[in-house]
Number of protein chains: 2
Amino acid sequence: MFRIGEFSKLSKMTVKTLRYYDEVGLLAPEKVDLARYRYYTTDQLVKLHYIQSLRQAGLSIEEIGNILSGKDAEEILIRRKLQLETDIAEKTDQLSRIDFILQGKEEDYFMNYQATIKEIPECIVYSKKMTIPNYDAYFTEIPAIGAECAAANPDLKCTVPGYCFVIYLDGEYREKDINVEYCEAVDRFGNEVGDIKFKKMPAITAVSVMHKGPYSDLGKAYAFVFKWIEENNYIVTGSPRESYIDGIWNKESIDEWLTELQVPVQKK
Amino acid sequence: MFRIGEFSKLSKMTVKTLRYYDEVGLLAPEKVDLARYRYYTTDQLVKLHYIQSLRQAGLSIEEIGNILSGKDAEEILIRRKLQLETDIAEKTDQLSRIDFILQGKEEDYFMNYQATIKEIPECIVYSKKMTIPNYDAYFTEIPAIGAECAAANPDLKCTVPGYCFVIYLDGEYREKDINVEYCEAVDRFGNEVGDIKFKKMPAITAVSVMHKGPYSDLGKAYAFVFKWIEENNYIVTGSPRESYIDGIWNKESIDEWLTELQVPVQKK
DNA sequence: AGAGACTCTCCAGCTGCTGGAGTGTACAAA
DNA sequence: TTTGTACACTCCAGCAGCTGGAGAGTCTCT
């Protein structure tokens, strides 16, 4: 019979851990005396060694408890294996992001951008597909669409907070004759008028980049986001969205305008 | 100005998280009103996006706080990168252990063994190197050495718990004329007598396997441990130790004998 | 009898939130 | 003006697997 201190040396586990395992019912000592001193035997040593081997394989206390009480070990191991694979993938992703940031330190303007992955929930929008001659046309086209839709749907409401964006339908960058779909999130389906359609946009996973400043600089943000996607092993799964957060309607200075790029992606 | 619920939708973070970030000083709202309602602006949205990008890269709240307050970001990132690499290596090791167990399900006798990695602390031992004709010679040799040492060192004490082991000096398995070193851990250096020497054994990292039963079955345990080392990407860095925990001196039945194999290793 | 080594229980703390209880506030409909 | 509903607030507990510390009791040797 060993007292806890000796048993701790024998098994190379701390006394604290042994008491904890006793507390959670994973490994009870052979006996406990009147003064509540714990006494262990080599039977417990063998059992503890088994526990350690499973702990070192990454299993939780609960999982080990289940295995010890006779539950299907193989199933538990396989589940843990899948979890580990997920964990490794996640850490590898984090590592790749850090490398990207570190490597970006040299390229000055990249410093101003950061990318995050977000789940964008589904939403109902009214939308209009069109080909616009150039980016300046937005300033006239977009208010017109809003007005047309509002005229046909007097009590339709935009979501709060708003979600107002353009989807770039061309697979490439263009300066002229750009195919776009303008969308604005609303609370329900309404009456369609002209080329304005209502539809439910499905939820997507997207990489998001914030761009502060004039639209003419958006090219840098696009360059950044596509490089980010490439180097972090994602693949583009849809057309990019440009969501307008701050703009001419609420900020005087062009430098205050805030736009969010959302590029649908999935992990490669 | 957005209230917390709207800001939460805009940023895709939960309200709980936003309040938590406020509490820990990572992201305070632009203003708080008399009813303690929090109000956010798009400035906070940009800052939060930066925070999210770093969280998704695996940085802790504290690290992000340090970066935000102007500490050396590069150093923090590099430290986190090293940590991630360590984490990934650890998880990969765990995965390999689980695979080993799962794959071992088929080979029946492997089921009885488990391996753990342990740090074995340094210790003072008296030891004697010798060549023994066969394993049965242990039963006469070992008590004789103990007696000889005790005679020369009347008040020398063995450690509690005991640590009594044989090191196999041959690089290979042998049935006869085995080169071994017998060691027993004691509390201090003593008088050397005959071939008995005192020495300090350095601390080692070893893979440990428990073997219950007669010594004649130890071959299986060795087969197991070397296969384990191979398949889990460790390399052997020293001679194996056989530590006698239960044996003829305290257990009647041979089936109760307990021996621990310790093979010094390091990760490949 | 005292000293020192050991053991005990109980509580707090770590990380980054999440869930819930109980309560207060804002805004629109009746 | 009341009432309802959605939203906001502040605590507090819980997760996992220990670790550290306080304060008290026990064992063993001198």
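From a predicted model like this one, the values you see are computed outputs, not experimental measurements. Lettering follows sequence order; numbering is per chain, from 1.
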**Message:** If I take atom CD in residue Glu62(B) and atom P in nucleotide dG13(C), what distance separates them, rounded to the nearest angstrom?
**Reply:** 16 Å
**Prompt:** Which comes earlier along DNA chain D counting from the 5' end, the contact point of Asp33(A) or that of Tyr21(A), where each point is its nearest nucleotide?
**Reply:** Tyr21(A)
**Request:** Please tell me if the side chains of Tyr163(A) and Val125(A) come closer than 4.5 Å, counting only heavy atoms from C-beta onward.
**Result:** no
**Prompt:** Got a donor-acceptor pair under 3.5 Å from the side chain of Lys16(B) to the base of dG16(C)?
**Reply:** no
**Asked** With distance as the sole criterion, do the side chain of Tyr37(A) and the base of dG25(D) form a donor-acceptor contact below 3.5 Å?
**Response** yes
**Asked** Expressed in angstrom and rounded to an integer, what is the separation of Glu23(B) atom CD from dC12(D) atom P?
**Response** 12 Å
**Prompt:** Roughly how many Å is it from OH in Tyr20(B) to P in dC9(D), rounded to a whole number?
**Reply:** 17 Å
**Prompt:** Between dA6(D) atom P and Asp187(A) atom CG, what is the distance in whole Å?
**Reply:** 15 Å
**Request:** Return the value, rounded to whole Å, for the distance between atom CD of Glu6(B) and atom P of dC7(D).
**Result:** 10 Å
**Item:** Arg36(B) vs dA8(D): side-chain N/O to OP1/OP2 distance below 4.0 Å
**Value:** no
**Asked** Would you call Glu122(A) and Lys200(A) a salt bridge, using N to O less than 4.0 angstrom?
**Response** yes
**Distance in angstrom units between Lys157(B) NZ and dT28(D) P, rounded** = 15 Å
**Request:** Look at the side chain of Arg3(B) and decide which nucleotide, out of dA26(C), dC8(C), dC27(D), has an atom nearest to it.
**Result:** dA26(C)
**Prompt:** Looking across every strand, which nucleic acid part, if any, lies under 4.0 Å from Arg19(A) by heavy atom: base, sugar-phosphate, or nothing?
**Reply:** base
**Prompt:** Hey, is the side chain of Arg38(A) poking within less than 4.0 Å of OP1 or OP2 on dC8(C), counting only N and O atoms?
**Reply:** yes
**Request:** Kindly indicate whether the side chain of Phe189(B), heavy atoms from C-beta on, has any atom under 4.5 Å from the side chain of Tyr126(B).
**Result:** no
**Prompt:** Of the nucleotides dC27(D), dA8(D), dC17(C), which one has an atom closest to the side chain of Ile4(B)?
**Reply:** dA8(D)
**Complete:** Nearest-nucleotide check on DNA chain C, Ser60(B) vs Lys9(A); residue mapping nearer the 5' end is Lys9(A)
**Message:** Less than 4.0 angstrom from a charged side-chain N to a carboxylate O is my criterion; do Glu75(A) and Arg80(A) meet it?
**Reply:** no
**Asked** Roughly how many Å is it from CG in Leu18(B) to P in dG19(C), rounded to a whole number?
**Response** 15 Å
**Message:** On DNA chain C, compare the nucleotides closest to Met13(B) and Gly5(A); which residue's is nearer the 5' end?
**Reply:** Gly5(A)
**Request:** Please state whether the phosphate of dT18(C), meaning OP1 or OP2, lies under 4.0 angstrom from any side-chain nitrogen or oxygen of Thr17(B).
**Result:** yes
**Prompt:** Has Thr14(B) got a side-chain N or O lying under 4.0 Å from the OP1 or OP2 atom of dT18(C)?
**Reply:** yes
**Prompt:** Given atom CE of Met1(A) and atom C1' of dT7(C), what is their separation to the nearest angstrom?
**Reply:** 16 Å
**Request:** In plain terms, say whether Asp43(A) and Lys47(A) are close enough for a salt bridge, that is, a side-chain N and a carboxylate O under 4.0 Å apart.
**Result:** no
